[in-house]
Amino acid sequence: MRECEHKQSMCHCIDWEKDDLADKIHHVISNFEFTGFELNYTTLEPEKGRLLCKVGRCRTCGKRLCIGEDLSDESALDDLLADIFRRAFRMWNVDGACLPDGTDTFTDLFLSLFHEPDREYVGEWLKRLAEDARLGMSGEDV
């Protein structure tokens with residue numbers, strides 16, 4: 001995992017540079033209020049530096065808390081989207097977090113991660129995923 005790039009607005013309840021890892025984890029677990037996700041990427045093509053962050057605010061000071069995960073640099077597009085979907089769902093579902101304002105479903109939340117020009121493709125990918133799941137549940141051959 002890499003350091004959060006938004007240090008200027010980070011929670012200041014503990015010293016993120018010097019405090020013990022156990023203290024950092026305890027603070028996040030005790031004070032994290034989910035507000036959404038951020039997907040840092042430039043293109044859906046293979047690239048270095050992609051990061052998926054579960055973003056929230058500290059219940060104590062009100063400033064940003066972030067839990068980030070690096071994404072593969074070389075994944076094929078379908079594999080990348082599946083990885084982002086799995087990670088976002090796992091990170092969201094772990095504590096029964098509510099959906100952020102402006103989203104009615106996890107699908108809306110997932111689509112909101114992507115740049116506007118990429119959303120049509122990602123939406124079509126989600127439709128194919130749902131269709132594959134529907135076919136698999138009905139026992140039909142694909």
Side-chain angles (χ1 to χ4, degrees), residues 1-17 19-59 61-142:
M1 254 190 271
R2 105 172 72 128
E3 294 282 324
C4 182
E5 297 169 4
H6 300 96
K7 293 187 185 306
Q8 70 281 1
S9 60
M10 285 294 290
C11 163
H12 55 71
C13 295
I14 64 173
D15 187 334
W16 296 98
E17 299 292 323
D19 280 3
D20 183 74
L21 179 61
D23 292 337
K24 295 175 190 178
I25 291 170
H26 177 72
H27 184 73
V28 170
I29 289 170
S30 301
N31 296 291
F32 189 91
E33 181 180 316
F34 177 71
T35 58
F37 288 105
E38 290 180 8
L39 178 59
N40 296 314
Y41 76 104
T42 305
T43 176
L44 292 176
E45 298 299 318
E47 70 173 335
K48 293 183 188 281
R50 293 187 285 217
L51 182 67
L52 176 64
C53 292
K54 180 178 182 179
V55 180
R57 74 176 133 267
C58 175
R59 289 186 181 106
C61 71
K63 298 222 179 214
R64 177 188 177 94
L65 285 173
C66 177
I67 303 166
E69 293 187 6
D70 289 310
L71 298 167
S72 172
D73 296 345
E74 297 299 323
S75 292
L77 184 51
D78 284 350
D79 294 338
L80 173 66
L81 294 176
D83 187 33
I84 294 168
F85 188 89
R86 276 190 304 270
R87 288 176 188 233
F89 188 75
R90 184 192 74 235
M91 289 167 38
W92 170 74
N93 199 37
V94 73
D95 58 4
C98 297
L99 291 166
D101 291 340
T103 57
D104 296 323
T105 65
F106 180 78
T107 301
D108 294 340
L109 177 61
F110 180 73
L111 278 172
S112 74
L113 295 174
F114 296 89
H115 302 157
E116 189 64 40
D118 297 329
R119 288 186 187 157
E120 182 178 348
Y121 181 86
V122 175
E124 291 300 317
W125 178 85
L126 280 170
K127 287 178 187 173
R128 288 192 312 272
L129 183 69
E131 181 64 18
D132 290 349
R134 186 189 67 73
L135 290 173
M137 290 177 70
S138 68
E140 296 175 28
D141 289 332
V142 180

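Along the sequence shown, residues are numbered consecutively beginning with 1. Just the heavy atoms: all of them, side chains too, but no hydrogens, waters or symmetry mates, feed the values below.
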Please give me the minimum heavy-atom distance between [X] and [Y], naming the atom from each residue.
X: E47; Y: T42; answer: OE2-N, 2.7 Å
X: P46; Y: E74; answer: CB-OE1, 3.9 Å
X: R119; Y: S112; answer: NH2-O, 3.2 Å
X: D70; Y: R87; answer: O-NH1, 2.9 Å

Euclidean distance, [Y] [atom2] relative to [X] [atom1], rounded to 0.5 Å:
X: I84; Y: M91; atom1: CD1; atom2: CE; answer: 11.0 Å
X: L44; Y: W125; atom1: CG; atom2: CH2; answer: 11.5 Å
X: S75; Y: E45; atom1: OG; atom2: CD; answer: 12.0 Å
X: L65; Y: I29; atom1: CG; atom2: CD1; answer: 11.5 Å
X: D79; Y: L71; atom1: CG; atom2: CG; answer: 12.5 Å
X: M10; Y: C58; atom1: CE; atom2: SG; answer: 9.5 Å

For the side chain of [X] and the backbone of [Y], is there at least one donor-acceptor N/O pair under 3.5 Å apart?
X: K24; Y: W16; result: yes
X: R50; Y: L39; result: no
X: T103; Y: D108; result: no
X: R59; Y: F32; result: yes
X: R57; Y: E33; result: no

- Message: Heavy-atom count check: over 12 atoms from other residues, nucleotides or ligands less than 6.0 Å from E131 CD?
- Response: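 Count over threshold, so yes.
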- More than 12 non-hydrogen atoms from neighbouring residues, nucleotides or ligands closer than 6.0 Å to NE2 on H115, yes or no?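 Atom NE2 in H115 is packed in, count exceeds 12.
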- Run the side chain to side chain contact (heavy atoms under 4.5 Å, CB included) check on Y121 and L77 step by step: do they pass? CA-CA 10 Å; Y121 181 86; L77 184 51; 3.3 Å; yes
- In a check of side-chain contact (heavy atoms from CB on, under 4.5 Å) between L81 and each of L129, V122, L126, which one passes?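 Passing option: V122.
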- Message: Under 6.0 Å between ring centres: does that hold for F37 and F89?
- Response: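 When the ring centroids of F37 and F89 are compared, they turn out to be at least 6.0 Å apart.
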- Message: With a 4.5 Å cut-off on side-chain heavy atoms, are H27 and D19 touching?
- Response: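 Side-chain contact under 4.5 Å: no.
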- Mind checking whether F110 and F85 have parallel, tilted or perpendicular rings, split at 30° and 60°?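 Aromatic pair F110/F85 classed perpendicular.
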- Item | Steps toward side chain to side chain contact (heavy atoms under 4.5 Å, CB included) verdict (L52, L113) | CA-CA 9 Å; L52 176 64; L113 295 174; 4.1 Å; yes
- So which of R90, K54, R86 actually passes salt bridge (charged side-chain N to carboxylate O under 4.0 Å, His left out) with E69?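 That would be R90; it is the only one of R90, K54, R86 passing the salt bridge (charged side-chain N to carboxylate O under 4.0 Å, His left out) with E69.
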